[in-house]
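Report on one structure; see the data block that follows.
Per chain, numbering begins at 1; letters A, B, ... match sequence-line order.
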Number of protein chains: 2
Amino acid sequence: MRVLVVEDDLPLRRIISKILEEEKYQVDQAENGEEGYLLATLNEYDLITLDIMLPIMDGYTVMKKLRDKGCQTPTLFLTAKDRIEDKVHGLDLGADDYIVKPFATEEFLARVRSLLRRAGKIGKEGKITYGPILLDTNQHEGFINGDALKLTIKEYELLYYLIQNKEQILTKDQFFQRVWGLESETTDAIVELYIHYLRKKLAPFNFDGVIRTVRGVGYMLKE
Amino acid sequence: MRVLVVEDDLPLRRIISKILEEEKYQVDQAENGEEGYLLATLNEYDLITLDIMLPIMDGYTVMKKLRDKGCQTPTLFLTAKDRIEDKVHGLDLGADDYIVKPFATEEFLARVRSLLRRAGKIGKEGKITYGPILLDTNQHEGFINGDALKLTIKEYELLYYLIQNKEQILTKDQFFQRVWGLESETTDAIVELYIHYLRKKLAPFNFDGVIRTVRGVGYMLKE
DNA sequence: AGGCAATCTTAGAATTTTCTTAGAAAAGCT
DNA sequence: AGCTTTTCTAAGAAAATTCTAAGATTGCCT
């Protein structure tokens, strides 16, 4: 699950990112409206948290420009206590929500989850499957017929991405960008290794074959 | 599917190429109008993305010269500002679509797909067929009655090109330029070999006959 | 029919891509 | 701090693809 955090205040941005990362969200950060807008157009996020007071371009403008472009990413606005009154009520509360700074961690996370659920990004039960493979998004764990696969975070995310795009080829680079992110020091050769790890954990159930190699292109989940 | 990206701004050119490559398009890049024009005349592309502001020769001129030569390749114009006169001018010259920078990845890809679809280069669901032969662009695989042909990339692209131009003769040189590209070290004799490989994979289904040799000219898909 | 050129076929060499292994580095936990 | 788990680096093995080369076959022309 990818989140973009647009916030100019460095300590707060770090805290928010940390909170989200601890919840296993993959976080990108922007420190002003323009950067936020750029990142949001270049990448596809599941959620954006957007400060309203921002240098260069304020949160409302970023939002408006994104919506004009057809971007429907659910957005959580952050606003200072003394400024709630103005435009907040004009928001489309179906796709958006707002939270007043300072806020409690749990409230923040609850709103994030709620937005994601409303947008259909996570199911109520938080489970996705492919054949007998089941991923529980709450536990961050995978199962086959009830047996836990004991996946690490990276393995889990790789498998998640595979299931999300079942029966479609994903390139190594796509995996890399999605699971490791652009700032990573590593090369996308790491993907091969993790595909290998995944197959190894699927092998005892005779399911290592579902991850197919498409030579010269990438990998896919099939049959 | 071959795309030519003509764009002088290096980061943007890289981003566009990357986006396209992730979608399994084969991308060539040109950094100015002259280079773009040259590449477009030397190779046969399925699509050109053409920046308007370019060094040496601007996008309009490139476009005009190509159309004058009879080149009908669908072209997507990129323009920095939403200036209506740009749009009108471009469309006058035969541009097929036009997108304003900066743009969202998905919008860009949607336009690319839509152009290719309009030009009949891809079917709606990413599948093209000839008789019982089916190519699935999502899987990069060919099928006959549901049986996979296990094509390599080169074989797939050759067959793809054949189906795209079914019942029309293509010269070895056309295959060579299209599948191997200009930078290739090989000679176009390699085409014979790959036609052979393809026939071999089609033979079990009694379909090796559909690839006909037209002596002294080339090959075609027929009956 | 014979000869010539184009095409087909085969085999294996060269290259590229992917897999596997092992261990080092980093991060997390108690 | 010390132990455990996870992540990453590196390099060689294995596998698949791509290409070279050469001889066989086919069709066309005189």
Please determine if B/E192 and B/K172 form a salt bridge, counting it only when a charged side-chain N lies under 4.0 Å from a carboxylate O.
yes

Less than 4.0 Å between a side-chain N and a carboxylate O, is that true for B/R178 and B/D46?
yes

Output the rounded distance in Å from [atom1] ([X]) to [atom2] ([N]).
X: A/L158; N: D/dT6; atom1: CG; atom2: P; answer: 15 Å
X: A/F176; N: D/dT7; atom1: CZ; atom2: P; answer: 14 Å
X: B/H140; N: D/dT17; atom1: NE2; atom2: P; answer: 14 Å
X: A/Y194; N: D/dC8; atom1: OH; atom2: C1'; answer: 7 Å
X: A/L151; N: D/dT6; atom1: CG; atom2: C1'; answer: 13 Å
X: A/I190; N: D/dA10; atom1: CD1; atom2: P; answer: 11 Å
X: B/I211; N: C/dT7; atom1: CD1; atom2: P; answer: 15 Å
X: B/R212; N: D/dT26; atom1: CZ; atom2: C1'; answer: 17 Å

End-to-end bend of the helix from C/dA1-D/dT30 to C/dT30-D/dA1 (five-pair axes, 10° rounding)?
30°

Check whether NZ of the Lys or CZ of the Arg A/K154 lies under 6.0 Å from the centre of the six-membered ring of A/Y194 and within 45 degrees of that ring's axis.
no

A/Q29, CD: over 12 other non-hydrogen atoms inside 6.0 angstrom
yes

Below 4.0 Å: OP1/OP2 of D/dT18 and any side-chain N or O of B/W180:
no

Side-chain N,O (A/T152) to OP1/OP2 (D/dT5) below 4.0 Å:
no

Winner on side-chain proximity to B/I153, out of D/dT18, D/dC19, D/dC8, is D/dT18

For A/L39 and A/Y45, which heavy atoms make the closest approach, and how far apart are they?
O-CE1, 3.4 Å

What closest approach, in Å, do B/M220 and B/E167 show between heavy atoms, and which atom pair accounts for it?
CE-C, 3.3 Å

One character per nucleotide, please: for nucleotides 8-21 of chain C, 5' to 3', B when the base has a protein heavy atom closer than 4.0 Å, S when only the sugar-phosphate does, - otherwise.
BSB-----BBBBBB

Among A/V62, A/T73, A/L76, A/V5, side-chain contact (heavy atoms from CB on, under 4.5 Å) partner for A/L50
A/V62

Heavy-atom side-chain proximity of B/I211 to B/L162 below 4.5 angstrom
yes

Determine whether A/Y130 and A/L159 make a side-chain contact, defined as any pair of heavy atoms from C-beta on separated by less than 4.5 Å.
no

Of B/K150 and A/K201, the one whose closest nucleotide on DNA chain D sits nearer the 5' end is A/K201

